[in-house]
Protein chains: 2
Amino acid sequence: MELSERKRKILQAIIRNYLETGEPVGSRTISKYTDLNLSSATIRNEMADLEEMGYILQPHTSAGRIPSDAGYRLYVDAMMLEKQKEVDDLKVELLDKEEKLDSLLKQTAKLLATNTNYATLVSSPTLHRNKLKFIQLSKVGGNQLLAVIVAEGNLIKNSILPIDEEIDDENILKLNILLNTHLNGLSIEEINLGMITMMKQQAGIHSDIIGDVIDAVAAAIHEEDDLEIYTSGTNNIFKYPELSDNQRASELITTFEEKQLLGKLVQDTLADENNTGIQVYIGNESPISEMNDCSIVTATYDLGDGMKGTIGIVGPKRMDYDKVVDNLKTVMKQLDSIYKQ
Amino acid sequence: MELSERKRKILQAIIRNYLETGEPVGSRTISKYTDLNLSSATIRNEMADLEEMGYILQPHTSAGRIPSDAGYRLYVDAMMLEKQKEVDDLKVELLDKEEKLDSLLKQTAKLLATNTNYATLVSSPTLHRNKLKFIQLSKVGGNQLLAVIVAEGNLIKNSILPIDEEIDDENILKLNILLNTHLNGLSIEEINLGMITMMKQQAGIHSDIIGDVIDAVAAAIHEEDDLEIYTSGTNNIFKYPELSDNQRASELITTFEEKQLLGKLVQDTLADENNTGIQVYIGNESPISEMNDCSIVTATYDLGDGMKGTIGIVGPKRMDYDKVVDNLKTVMKQLDSIYKQ
DNA sequence: TATTAGCACTCACACATATCGAGTGCTAAT
DNA sequence: ATTAGCACTCGATATGTGTGAGTGCTAATA
């Protein structure tokens, strides 16, 4: 069957209405709501068609219609197309400049949560792709070394390395020079076994201990530093009855607390390179099965120097996509401008 | 009125039963439950007395009785007294040795949550009271310094200091020596304005920039580094109907997400020095008003070197105090032994 | 005097029943 | 092609009715 212009309008009206009320929408409502000047009976016929086509469904026999995932998808795609032209300057409270990146990201999550009334998450950038800027070993206590690793974007990682044998200051100095001359400027992915054996050789393997330390530093560099994810407004899910029955709420809360589950989403978003910056997952499209009753809108922020991360907004399928996308765009713009100074 | 031995037994029976079932307890139940061999009528009389004394209450006229906060308090105090003697060796899965403190604490929270079926929180130690062990400044990039501050217990803090003017390596070396000779071994609280001006003088105020850097380091040291709090098992609150209506659940979830609210609890617990290690807050006794419908059991862990933190377990007022206390004690013991190696 | 049997009473809760109204699909008229 | 009209469906809401666990009180009992 063909999706006529009229059907499109009716579908859109149904969705708009449902987004607002959360109640199934009846034919009479649409008959008045739109400027089509059609009777409810006609609408009913069209609705029957739309149902057959899979864009809407009836929760039970004598109820109105609600949008199906496919219906939402159609709607969202159309909206995104609109938005591309639009350079909407939404008034959103400004993010404060924060000295620390993590405060900034936490604040971002909070701002979006209060603004949109949905649950939000923001991932911190990981230094995997970043270039090493600086490495420093220092003695702390008799049998421990502190390794400080700084990557571009001033992402810092500390690691305490236990050592078996005392190392004198001179050797530490040598090691520092060795490490920095070889590794600076490389991205973490580029540091492989070859590099490491090469360094060991150059250190002159006069003592095992030096080799051990080099290994330890390499390990520290590669160590999966667990992706930080900040969440906010989890409690917002209680504002939407369709998400807040005990079963569902419990699952969602758990997902938000066990942040590593959200990692999937973050990776998924970052992986998709060719996107315009904003992605929408509706219901089952979500990479996180616990969120199959939700919609998720994500965006990738880029603060330069390889500092990329993900912002996500999670709400009911009938979320106000329009508002969410606007908010995300505005926040991205703000993040961008904060970085540029 | 006097709290006779018999009344005490009846009260205890009521509480025990209510802890299990969560339902108001009737006189007939108690008549059989205990070995007192009293008829339900007698029990009823005693119950009327207990109610007058404020230890139990009736949710509505024709219902059984439930314990009041005062009743719980009596019960818990008696139990704690018991426990003091008891060296209970509960079988609780072992914590793994983790290289990183934060993983260990996260794991602790999780273990306790799955074991007890309540929500848990664990605070990381703060370095306020700890002695400085080591400070290091390094240049990263043209106009930025990296300050690494290590305190006893290997608590590490990084701070990027922006500087106006280039500093040469020689001066950085001098600064490092100056900072370390003066500050090492002091606790953060001991570093005051006097110290700082003293250092500035000794540095010879030949250049403003040195003074600025010293100030920045001092600021970095004192900077409130926000108390990390790890939570787990928040979803457990849904297992207790008295906590999981939307209103209450939403509040609790928010409290657990906005971790700084939990800070109050942590401070409260740490402040109380003279305790045996475990504290119980029942209902309104809680320092967090959002948790007035809950009970909270807290303990202070001490990994030595001033690394103290708080563990908390939050559940309904009818929580299994016995089990919770046992679990906490066992976990403390395990933490202790992990540290000692 | 302390305990208990007995009885009238209360009240939440479960269940059945009736009513209402928003919504539908279908048919026949326009 | 559109629409008025009508019978029908079904969730939601209100209403009535029993049921049972529980109570307090009184009078009998040990």
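Proteins get letters first, then strands, A, B, ... in listed order; numbering begins at 1 in each. This structure is a prediction, so every number in the text was calculated from the model and none was measured.
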Side chain of [X] only, heavy atoms from C-beta on: which candidate in [options] is closest?
{"X": "A:Gln58", "options": "C:dT24, D:dC10, C:dT4", "result": "C:dT24"}
{"X": "A:Thr29", "options": "D:dT3, D:dC10, C:dG23", "result": "C:dG23"}
{"X": "A:Ala41", "options": "D:dA4, C:dG25, C:dT4", "result": "D:dA4"}
{"X": "A:Met47", "options": "C:dT24, D:dT2, D:dG11", "result": "C:dT24"}

Below 4.0 angstrom, N of the basic side chain to O of the carboxylate: do [X] and [Y] qualify?
{"X": "B:Arg8", "Y": "B:Glu5", "value": "yes"}
{"X": "B:Lys264", "Y": "B:Asp268", "value": "no"}
{"X": "B:Glu258", "Y": "A:Lys110", "value": "yes"}

Side chain [X] and base [N] donor-acceptor under 3.5 Å:
{"X": "A:Ser39", "N": "D:dT3", "answer": "no"}
{"X": "B:Arg44", "N": "C:dG6", "answer": "yes"}
{"X": "B:Thr61", "N": "C:dT10", "answer": "no"}

Worksheet item: On DNA chain C, nearest-nucleotide positions of B:His60 versus B:Glu46: which is more 5'?
Response: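 Its nearest nucleotide lies further toward 5', so the answer is B:Glu46.
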Discussion item. Under 3.5 Å for both donor-acceptor distances, Watson-Crick or wobble: does D:dC8 have a partner, and if so which one?
Written reply: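 WC or wobble partner is C:dG23.
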Worksheet item: Think B:Arg28 has a side-chain N or O under 4.0 angstrom from the OP1 or OP2 of C:dA5?
Response: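 So the side-chain polar atoms of B:Arg28 never come under 4.0 Å of the phosphate oxygens OP1 or OP2 of C:dA5.
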Worksheet item: OP1 or OP2 of D:dT3 less than 4.0 angstrom from a side-chain nitrogen or oxygen of A:Thr42, does that happen here?
Response: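 Checking A:Thr42 against D:dT3: at least one side-chain N or O falls below 4.0 Å of OP1 or OP2.
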Worksheet item: Within this structure, what is the CD1-to-P distance between A:Ile43 and C:dA22, rounded to whole angstrom?
Response: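 Checked: the CD1 to P distance equals 18 Å.
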